[in-house]
K.L.:
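This is the structure, below, for whatever I ask next.
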Amino acid sequence: MSTVSPSDELDEPAEPVTPVAAPPAPPPMPPGRAALYMAASTLLAMTQGFGMNFVAANLPQLQGPLGATSTEAVWLVAAYMAPNASLSIALIKIRNQYGLRHFAELGIAVFLVVSVMHIFITDLHSAIVLRFFAGMAAAPLSSLGFLYMLEAFSPARKLTVGISLALTNIGLAAPLTRIISPPLIDLGGVRSLLYLELALAMLSFAAIYLLPLTPIPRAKVIEKRDIVSYLFIAVGFGSAAVIFVVGRTYWWLEAEWIGVLAVVMIAALTIAAVLELNRETPLIDLRWLLSREVMHFAAVLILFRLMLAEQTAVASNFFQIMGLQNGQLTGLYTYVALATLMGGLVCAAILKPSREPGIHMAALMLIGVGAWLDSHATNLTRPHDMYLSQAMIAAGGGLFLPPAIAAGFTMALRKGPQYILSFIVVFLVTQSLGGLAGSAIFGSFITLREKFHSNILAQTMTLTDPLVAARISQLAAGYGRTITDQAVLKAEGVALLSQQVTREANVLAHNDAFFVIALLAVASAVALAIHRIYVRIREAGAVSGAAAAKA
């Protein structure tokens with residue numbers, strides 16, 4: 001799941017109330033220049049998205065050059081996400097106080113330096129340290145990618161077309177990374193991925209200098225207590241990110257340090273909450289965050305991230321269990337990328353205020369049907385069998401998020417510009433940490449269900465069963481020319497049968513996960529329909545009451 005700050009202001013930051021008249025609206029940007037800003041936004045989104053996804057998409061390929069095991073390699077992802085999960089909160093105030101231009105130049109310069117350093121790493125420990133700094137350096141890029149896309153549109157279209165296209169760029173990063181990684185590795189190994197990341201960083205560096213964003217008024221908004229609060233928030237979010245990434249690998253109740261890290265997370269976030277609740281101008285308005293409408297909004301986004309885990313975690317893990325490599329999945333991810341693009345473009349064309357429920361209903365149905373189709377997988381299922389279902393889920397993801405973010409941002413603006421940062425916290429927790437939590441939850445669910453199905457299947461496998469004995473003999477026959485000892489040959493057949501049982505249990509476990517996600521989508525669609533009916537009834541009652549009072 002990517003770290004975005006969609007409301008890193010829509011180029012319309014709040015200004016202090018003064019007797020001076022508001023400046024006139026800027027003239028519309030010429031189409032040619034608007035296209036350049038849209039291209040720059042796409043470049044920045046791909047730079048950030050590729051840097052975030054290339055490790056997660058190529059962990060097996062990275063283990064050899066870094067001399068790491070599969071368990072150790074997971075720390076590369078954890079190190080990246082630990083600072084990235086919270087840094088956008090601080091960057092908004094930094095940008096408002098020191099200026100957008102300086103923010104953009106410094107952010108891309110730091111990212112470029114980190115990209116250059118990646119080329120020289122040769123061991124795991126250095127790579128983990130560098131990935132930590134890469135997570136920090138990449139945080140401004142997601143904000144800049146949003147701002148450059150919104151810069152190209154008039155204020156009336158920022159929350160419709162602009163936000164849809166910006167989120168589409170972010171959604172395209174993951175499938176495109178998996179499409180281009182196999183040919184790049186074939187050409188020059190893992191180092192070619194690092195060269196591409198460096199090339200994208202240099203192009204982004206040039207784009208930011210050639211295409212400046214509209215400057216925003218500066219204001220002294222950073223307080224000393226903001227720094228203290230943010231440090232505790234960063235520790236809490238970073239600890240949560242690490243737990244979600246590596247918890248399933250080390251298993252939740254087996255590693256003592258996971259419990260210690262969970263205590264640190266809870267303590268840090270509790271201290272941050274106490275500090276914020278006792279400030280007149282808090283960094284984050286927790287009272288507003290705990291209001292009914294914000295909690296409802298957060299629940300919707302969390303459910304969405306859980307459902308999208310079907311594609312980002314469950315489906316990809318299914319094919320990995322089946323022994324397929326990235327090079328064999330390029331066709332599938334091509335369809336996913338095209339469907340994501342199509343969903344984003346359709347959303348940009350139809351998104352308007354009051355249309356959010358209808359768009360969300362269509363997105364939920366696409367995700368639900370796609371997950372239900374996937375729940376019928378077998379050990380013979382291959383990528384081409386999931387082209388339709390995965391395309392439906394990708395299109396649903398492209399449709400769902402833009403109206404949700406637009407509605408949430410509008411809700412925050414109605415309360416006042418000071419609530420923008422609090423809204424960003426909701427978005428970060430649900431998208432960044434929510435995405436990691438979704439992968440952790442369904443990954444753990446699959447592990448538990450695999451053990452359950454393995455036990456059920458193993459109970460039916462007895463050597464006295466003629467069918468089982470015949471299957472063991474059939475599997476062992478392939479080794480008959482090289483193994484003459486009948487006892488060893490039979491043991492080899494039993495081992496091969498055990499592998500097949502484990503594979504079938506994994507297939508059944510993934511089908512269970514697909515089915516649960518389909519149920520989540522259907523339940524969410526039903527809840528949305530009930531909520532809309534309730535709102536309509538309440539609005540009708542209010543209208544009739546007003547008419548009666550007037551009479």
Side-chain angles (χ1 to χ4, degrees), residues 1-8 48 51-52 75-98 103 106-107 110-111 114 128-144 221-247 257-279 281-286 289-290 298 302 305 418-437 440:
M1 329 135 147
S2 129
T3 306
V4 185
S5 302
S7 45
D8 257 2
Q48 188 269 342
M52 182 175 66
W75 282 98
L76 295 171
V77 180
Y80 184 96
M81 293 305 303
N84 194 271
S86 63
L87 196 57
S88 292
I89 299 173
L91 291 178
I92 294 175
K93 281 203 168 186
I94 292 173
R95 178 166 59 83
N96 287 342
Q97 179 156 327
Y98 295 103
F103 167 82
L106 182 60
V110 172
F111 185 81
V114 173
I128 290 175
V129 172
L130 204 54
R131 291 306 293 172
F132 180 86
F133 288 105
M136 295 177 62
L141 293 187
S142 57
S143 301
L144 290 173
V221 294
I222 299 177
E223 303 176 6
K224 290 182 179 179
R225 295 183 68 179
D226 287 338
I227 300 174
V228 177
S229 295
Y230 171 72
L231 290 176
F232 283 107
I233 292 172
V235 171
F237 281 12
S239 300
V242 172
I243 291 172
F244 289 145
V245 172
V246 305
W257 58 267
I258 293 179
V260 174
L261 200 58
V263 171
V264 171
M265 175 193 71
I266 295 171
L269 293 179
T270 301
I271 294 172
V274 171
L275 292 174
E276 292 298 284
L277 288 172
N278 289 280
R279 295 180 59 187
T281 56
L283 179 68
I284 301 167
D285 192 329
L286 292 176
L289 291 184
L290 296 176
I302 289 174
R305 291 307 306 175
Q418 68 273 21
Y419 288 87
I420 298 299
L421 191 57
S422 299
F423 165 75
I424 291 171
V425 174
V426 175
F427 182 81
L428 282 174
V429 172
T430 57
Q431 298 306 294
S432 177
L433 295 181
L436 296 177

K.L.:
Measuring from F132:CZ to W75:CH2, what's the distance to the nearest 0.5 Å?
P.N.:
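Between atom CZ of F132 and atom CH2 of W75 there are 12.5 Å.
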K.L.:
Return the minimal non-hydrogen interatomic distance between G247 and I258, and the atom names on each side.
P.N.:
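Closest pair (atom of G247, atom of I258, distance): CA-CD1, 3.9 Å.
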K.L.:
How many angstroms lie between atom CG of L275 and atom CG of L231, to the nearest 0.5 angstrom?
P.N.:
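Output value for this atom pair is 10.5 Å.
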K.L.:
Which atom pair, heavy atoms only, marks the closest approach of R131 to L76?
P.N.:
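Result for this residue pair: CB-O, 3.8 Å.
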K.L.:
Using every non-hydrogen atom in the two residues, find where A79 and I128 come nearest and quote the distance to one decimal.
P.N.:
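Closest approach of A79 to I128, heavy atoms only: CB-O, 3.4 Å.
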K.L.:
Which residue is it: L269, L261, V260? I am looking for the one with a side chain to side chain contact (heavy atoms under 4.5 Å, CB included) to S239.
P.N.:
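Only one option passes, and that is L261.
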K.L.:
Does atom CZ (F232) have a neighbourhood of more than 12 heavy atoms from anything else shown, all under 6.0 Å?
P.N.:
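It does not: F232 CZ has 12 such atoms or fewer within range.
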K.L.:
Which heavy atom of S229 sits nearest a heavy atom of A272, and at what distance?
P.N.:
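Taking every non-hydrogen atom into account, O-CB, 4.1 Å.
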K.L.:
For G236 versus A268, what's the shortest heavy-atom pair and its separation?
P.N.:
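So the minimum-distance heavy-atom pair works out to N-CB, 3.8 Å.
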K.L.:
Can you name the closest pair of heavy atoms from N278 and V274 and give their distance?
P.N.:
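Closest approach of N278 to V274, heavy atoms only: ND2-O, 2.7 Å.
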